[in-house]
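All values below were derived from every heavy atom in this structure, side-chain atoms included, with hydrogens, water molecules and symmetry-related copies excluded. Residues take their numbers from the sequence shown, with the count starting at 1.
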Amino acid sequence: MSGFDNFNTDFYQSSYSVDDQSQGYSNTETPYNKQHDGQYDYSQPMGYSAPGMMQPQQPYTGQIFQPTQTYTPSPSQSMYSSSFEDEPPLLEELGINFDHIWQKTLTVLHPLKAADGSIMNETDLAGPMVFCLAFGATLLLSGKIQFGYVYGISAIGCLGVYCLLNLMSMTGVSFGCVASVLGYCLLPMILLSSFGVILSLQGMVGIILTAAIIGWCSLSASKIFISALAMDGQQLLVAYPCALLYGVFALISVF
């Protein structure tokens, strides 16, 4: 045991003293080590502060359940939204305008009424397709399945009138415009085929009615063509080939 005590005494021997520690701390020039009559001077400002403790807080300017808007749409997004709002309806992009269809139908139903050339010069095939389908349906009610003849004669007739009008007019015309006008002017022929469901068109009354319908269709088509193509004084020249085309449709309706 005596040897162990001597070992501990030798191990803890050191030249370090408490007086040296207090002297070393008292020599430093920091606010924390300055003493006044043996006590700290608390009147000196502290050398540190917690972050954010001394800064004034911003007051909340929003309302309850209504926070302030922090998101601003980018210029590209606002441009896209404005472009979507300015776009025309889908039916107009597809070339289907019910207002123009109704105006063209009224123009055909009133042969003596002046036609609007700006509207008639549009390529609108929605109305003609409906009228061709209605014409074939009324023939079907009479026991005549003539859908192939209707569409075949329509295509050949449109091609012939298209070539003729390009030779006669100075401005020229598109094939779609010719098909649109001839298709709309097929509307009186639907009335003729509807009469054929009720009564026979092979008598004297049927012949007179058929001649009137052919004149009605050709007069309406020629009026629209001369107004759209500025062909003044040439209505009879345009009405003659149109009358030949509608005469073929009348033969299908009568026989």
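Tyr184 meets the side-chain hydrogen bond (donor to acceptor under 3.5 Å, both in side chains) test with Asp124; sequence neighbours excluded. With sequence neighbours excluded, no residue forms a side chain to side chain contact (heavy atoms under 4.5 Å, CB included) with Val130. Partners of Thr138 by side-chain hydrogen bond (donor to acceptor under 3.5 Å, both in side chains), not counting sequence neighbours, listed by chain and number: Ser193.
Between the OG atom in Ser142 and the CD1 atom in Ile198 there is a gap of 9.5 Å [rounded to 0.5 Å]. Taking SG of Cys185 as the reference point, atom NZ of Lys104 lies at 10.5 Å (rounded to 0.5 Å).
Taken together through direct or relayed side-chain contacts under 4.5 Å among Ile, Leu, Val, Met, Phe, Trp and Tyr, Leu201 and Val248 form part of one hydrophobic cluster. Cluster annotation: Met129 is not connected to Phe175 through the hydrophobic network of ILVMFWY side chains, with a link wherever side-chain heavy atoms come within less than 4.5 Å. Leu251 and Ile207 fall into different hydrophobic clusters, where Ile, Leu, Val, Met, Phe, Trp and Tyr residues are linked whenever their side-chain heavy atoms come under 4.5 Å apart, directly or through other members. With hydrophobic clusters built from ILVMFWY side chains whose heavy atoms lie under 4.5 angstrom apart, Leu236 does not share a cluster with Met231. One hydrophobic cluster, built from ILVMFWY side chains closer than 4.5 Å, holds both Leu182 and Leu109.
Ile208 forms part of a hydrophobic cluster together with Met204, judged by ILVMFWY side-chain heavy-atom separations under 4.5 Å.
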Below 3.5 Å, can you tabulate the donor-acceptor pairs from side chains in residues 211-224 to any protein atom, sequence neighbours excluded?
unit_1, atom_1, unit_2, atom_2, d
Trp216, NE1, Val108, O, 3.1
Ser218, OG, Ile214, O, 3.0
Ser218, OG, Gly215, O, 3.1
Ser220, OG, Val108, O, 3.2
Ser220, OG, Trp216, O, 3.0
Ser222, OG, Ser218, O, 2.9
Ser222, OG, Leu219, O, 3.0
Ser222, OG, Gln235, NE2, 3.4
Lys223, NZ, Thr107, O, 3.0
Lys223, NZ, His110, O, 2.8
Lys223, NZ, Pro111, O, 3.2
Lys223, NZ, Lys113, O, 2.8

Would you list the atom pairs, donor with acceptor, under 3.5 Å between side chains in residues 145-166 and any protein atom, with sequence neighbours excluded?
unit_1, atom_1, unit_2, atom_2, d
Ser154, OG, Val150, O, 2.6
Asn166, OD1, Val173, N, 2.9
Asn166, ND2, Tyr162, O, 3.1

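Annotation for Phe131: atom CZ counts as buried by contact number, over 12 foreign heavy atoms lying within 6.0 Å.
Pairing each heavy atom of Lys144 with each of Ile252, the nearest pair is NZ-O, 3.5 Å. Between Leu192 and Ser253, the shortest heavy-atom distance links the atoms CD2-CB, 4.2 Å.
Within the structure, the side chain to side chain donor-acceptor pair (under 3.5 Å) test picks out no pair touching residues 194-211 (sequence neighbours left out). Applying the ring-ring contact (aromatic ring centres under 6.0 Å, His included) rule to pairs touching residues 231-255 yields Phe135-Phe249, sequence neighbours excluded.
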